[in-house]
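Just so you know, these numbers use all the heavy atoms, side chains as well, and skip hydrogens, waters and symmetry mates.
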Amino acid sequence: MEYEAIIGLEVHAQLLTGSKIFCGCSAAFGADPNTHTCPICTGMPGSLPVLNRKAVEFAARMALATNCEINPFSLFARKNYFYPDLPKGYQISQYELPLAVNGSVEIPISNGEKKRVGITRIHMEEDAGKLFHDEGKPFSYVDFNRTGVPLLEIVSEPDLRTPQEAADYLRLLRAILQYLEICDGNMEEGSLRCDANVSLRPVGSQTFGTRTEVKNMNSFRHVERALAYEIERQHKVLEEGGTVVQETRLWNPQKGITESMRGKEEAHDYRYFPDPDLVPLAVSSEWVEEIKQGLPELPLQRKDRFAREYRIPEYDAGVITSSKTL
């Protein structure tokens, strides 16, 4: 039987604010471990978070650049789960009422055509800390400097069909973030991270298959290789009469395979509820218009203009405008 892949990406982008999303600690990368921390970002009893206005502005820029509708009213929620790099035992995120919804971008495909990729939502949240594992000792180290750094989560519709399309979509998002100067897009340092949901279904079917989530992809090449492997793995399971299990899998770049990590959580597993310490976020239409007027020319628009005005091939224009620095 012939199958087609259904791929959706969840992209996390660290915002280039000077301070964290709910406190005044520095959000800079590379400091000595646990030096950019305070009672608020480490969740000490009695500490109260206060929202960073610049983080909201940066999030709104990305929402407008990806044709999203910005909700005039949104809520922060507590996403409850335990992990050693999460000192509070919950992550402040957005759930039922995110900042922005119903967006889209267009990625170039063959023959000069473009494909529309829908964006379900863009919401704001705080980052977790980082664990460092010592292979020679029976324990791990934790650095809470990253805890509370502002994140955008950009959730696509399941509109991607190939690993190449997924990588091209991710490249475009990174270019937009860099053009807006709200994220440096450094995947090796973790300021841009990507999780992929992938499933297979028979060609012609409108029913989605059972999906798996693939994590730990820190380069465009890894995204392509991990998705190609996972598509092949699921195809083999289905062809042998087996059933794909809904789970979270990790990409192992050394072995070139995905490995089972845990059963896939659903939203109800996190017991979301509105954060009682944060007031609802109201974004005025006047402020949105002010942010919109300050947007720069975006990469695809600049590429089209360069090709038109300078009469150069589209490929050359794409190379020149692929990064803002270039």
Side-chain angles (χ1 to χ4, degrees), residues 10-31 34-43 47-66 68 70-71 74-79 81 83 85-88 90-95 97-101 103 119 121-130 143-155 173-174 176-187 189-195 270 272 274-275 277-283 287-288 291 294-295:
E10 299 171 5
V11 177
H12 291 82
Q14 282 186 353
L15 297 177
L16 285 173
T17 54
S19 57
K20 295 184 180 182
I21 188 170
F22 297 119
C23 68
C25 290
S26 171
F29 177 83
N34 300 305
T35 55
H36 291 174
T37 59
C38 73
I40 295 174
C41 59
T42 54
S47 61
L48 292 173
V50 177
L51 181 60
N52 184 333
R53 179 184 173 92
K54 182 62 73 171
V56 181
E57 178 188 329
F58 283 4
R61 283 192 206 176
M62 188 61 179
L64 291 168
T66 52
C68 288
I70 295 180
N71 289 321
S74 59
L75 283 177
F76 284 96
R78 291 186 179 183
K79 179 181 181 180
Y81 65 96
Y83 205 66
D85 63 8
L86 194 69
K88 293 195 289 280
Y90 62 85
Q91 177 190 33
I92 300 177
S93 182
Q94 292 186 311
Y95 177 48
L97 292 173
L99 179 74
V101 295
I119 292 176
R121 57 188 280 144
I122 295 178
H123 66 258
M124 305 172 64
E125 59 189 24
E126 60 179 346
D127 209 342
K130 186 172 179 60
D143 180 5
F144 289 131
N145 282 348
R146 199 174 71 177
T147 302
V149 170
L151 279 184
L152 278 192
E153 181 167 350
I154 306 159
V155 182
L173 286 191
R174 185 177 75 161
I176 293 172
L177 289 162
Q178 291 174 329
Y179 268 66
L180 296 173
E181 297 181 340
I182 63 174
C183 175
D184 62 21
N186 191 321
M187 296 184 74
E189 293 181 358
S191 56
L192 186 68
R193 311 197 289 274
C194 170
D195 301 333
Y270 292 116
Y272 284 96
D275 192 295
D277 293 333
L278 287 162
V279 296
L281 172 60
V283 179
W287 192 30
V288 170
I291 295 170
L295 293 181

Chemist: Can you tell if the side chain of Ser19 reaches within under 4.5 Å of the side chain of Asn52, non-hydrogen atoms only?
Modeler: yes
Chemist: Report yes if the side chains of Phe58 and Thr17 come closer than 4.5 Å at any heavy-atom pair, otherwise no.
Modeler: yes
Chemist: Check whether any side-chain heavy atom of Glu126 sits under 4.5 Å from a side-chain heavy atom of Val149, and report yes or no.
Modeler: no
Chemist: With rounding to the nearest 0.5 Å, note down the distance linking CD1 in Ile70 to CE in Met62.
Modeler: 12.0 Å
Chemist: Just verifying a value: how many Å separate Ile122 CD1 and Glu153 CD, rounded to the nearest 0.5 Å?
Modeler: 10.5 Å
Chemist: Shortest non-hydrogen contact from Ile291 to Ala60?
Modeler: CD1-CB, 3.8 Å
Chemist: I'd like to know if Arg53 and Glu57 make a salt bridge, using a cut-off of under 4.0 Å between side-chain N and carboxylate O.
Modeler: no
Chemist: With a cut-off of 6.0 Å (strictly less than), are more than 12 heavy atoms of other residues, nucleotides or ligands near OH of Tyr81?
Modeler: yes
Chemist: Please evaluate residues Val283 and Val288 with respect to the criterion side-chain contact (heavy atoms from CB on, under 4.5 Å), reporting the C-alpha separation (whole Å), side-chain torsions for both, the decisive distance (0.1 Å), and the verdict.
Modeler: CA-CA 7 Å; Val283 179; Val288 170; 3.5 Å; yes
Chemist: Please lay out, stage by stage, how Gln178 and Asp184 fare under the test side chain to side chain donor-acceptor pair (under 3.5 Å).
Modeler: CA-CA 6 Å; Gln178 291 174 329; Asp184 62 21; over 6 Å; no
Chemist: Side-chain contact, heavy-atom cut-off 4.5 Å: Pro49 with Leu278?
Modeler: yes
Chemist: Between atom CZ of Phe76 and atom CG of Leu51, what is the distance when rounded to the nearest 0.5 Å?
Modeler: 4.5 Å
Chemist: How long is the straight-line distance from CG of Asn34 back to OG1 of Thr147, given to the nearest 0.5 Å?
Modeler: 8.0 Å
Chemist: Are the side chains of Cys38 and Cys25 in contact, using a 4.5 Å heavy-atom criterion?
Modeler: yes
Chemist: If you define the side chain from C-beta out and look only at heavy atoms, does anything of Asn71 sit under 4.5 Å from Leu97?
Modeler: no
Chemist: Run the side-chain contact (heavy atoms from CB on, under 4.5 Å) check on Leu99 and Leu281 step by step: do they pass?
Modeler: CA-CA 8 Å; Leu99 179 74; Leu281 172 60; 4.0 Å; yes
Chemist: Is the shortest side-chain heavy-atom distance between Asp277 and Arg78 below 4.5 Å?
Modeler: yes
Chemist: Going through the distances and angles, do Cys68 and Val101 end up as a side-chain contact (heavy atoms from CB on, under 4.5 Å)?
Modeler: CA-CA 5 Å; Cys68 288; Val101 295; over 6 Å; no
Chemist: Does the separation of the ring centres of Tyr272 and Tyr90 fall below 6.0 angstrom?
Modeler: no
Chemist: Between Arg193 and Ala13 (side chain of the first, backbone of the second, donor and acceptor by atom type, cut-off under 3.5 Å), is there such a pair?
Modeler: no
Chemist: Determine the minimum heavy-atom distance between Leu152 and Met124, stating which atoms define it.
Modeler: CD2-CG, 4.1 Å
Chemist: When you measure from the centre of the six-membered ring of Tyr270, is the NZ or CZ of Lys79 closer than 6.0 Å and no more than 45° off the axis?
Modeler: yes
Chemist: Could you walk me through whether Ser191 and Gln14 satisfy the side chain to side chain donor-acceptor pair (under 3.5 Å) test, starting with their C-alpha distance in whole Å, then the side-chain angles of each, then the deciding distance to 0.1 Å, before giving a yes or no?
Modeler: CA-CA 5 Å; Ser191 56; Gln14 282 186 353; 5.0 Å; no
Chemist: Before giving the answer on side chain to side chain donor-acceptor pair (under 3.5 Å), spell out for His12 and Glu10 the whole-Å C-alpha distance, their side-chain angles and the decisive distance to 0.1 Å.
Modeler: CA-CA 7 Å; His12 291 82; Glu10 299 171 5; 5.6 Å; no
Chemist: Can Asp127 and Arg146 be counted as an ion pair, charged N to O under 4.0 angstrom?
Modeler: yes
Chemist: First locate atom CZ of Phe22, then atom SG of Cys41, and finally report the distance between them rounded to the nearest 0.5 Å.
Modeler: 11.5 Å
Chemist: Would you say that Thr35 contacts Thr37 through its side chain, given a criterion of any heavy-atom pair below 4.5 Å between the two side chains?
Modeler: no
Chemist: Give me the atom names and distance for the closest heavy-atom approach of His36 to Ala28.
Modeler: ND1-O, 3.7 Å
Chemist: When Ile182 is tested against each of Leu15, Ile176, Leu16 for side chain to side chain contact (heavy atoms under 4.5 Å, CB included), which residue passes?
Modeler: Leu15
Chemist: Rounded to the nearest 0.5 Å, what separates atom CD1 in Ile92 from atom CD1 in Ile21?
Modeler: 8.0 Å
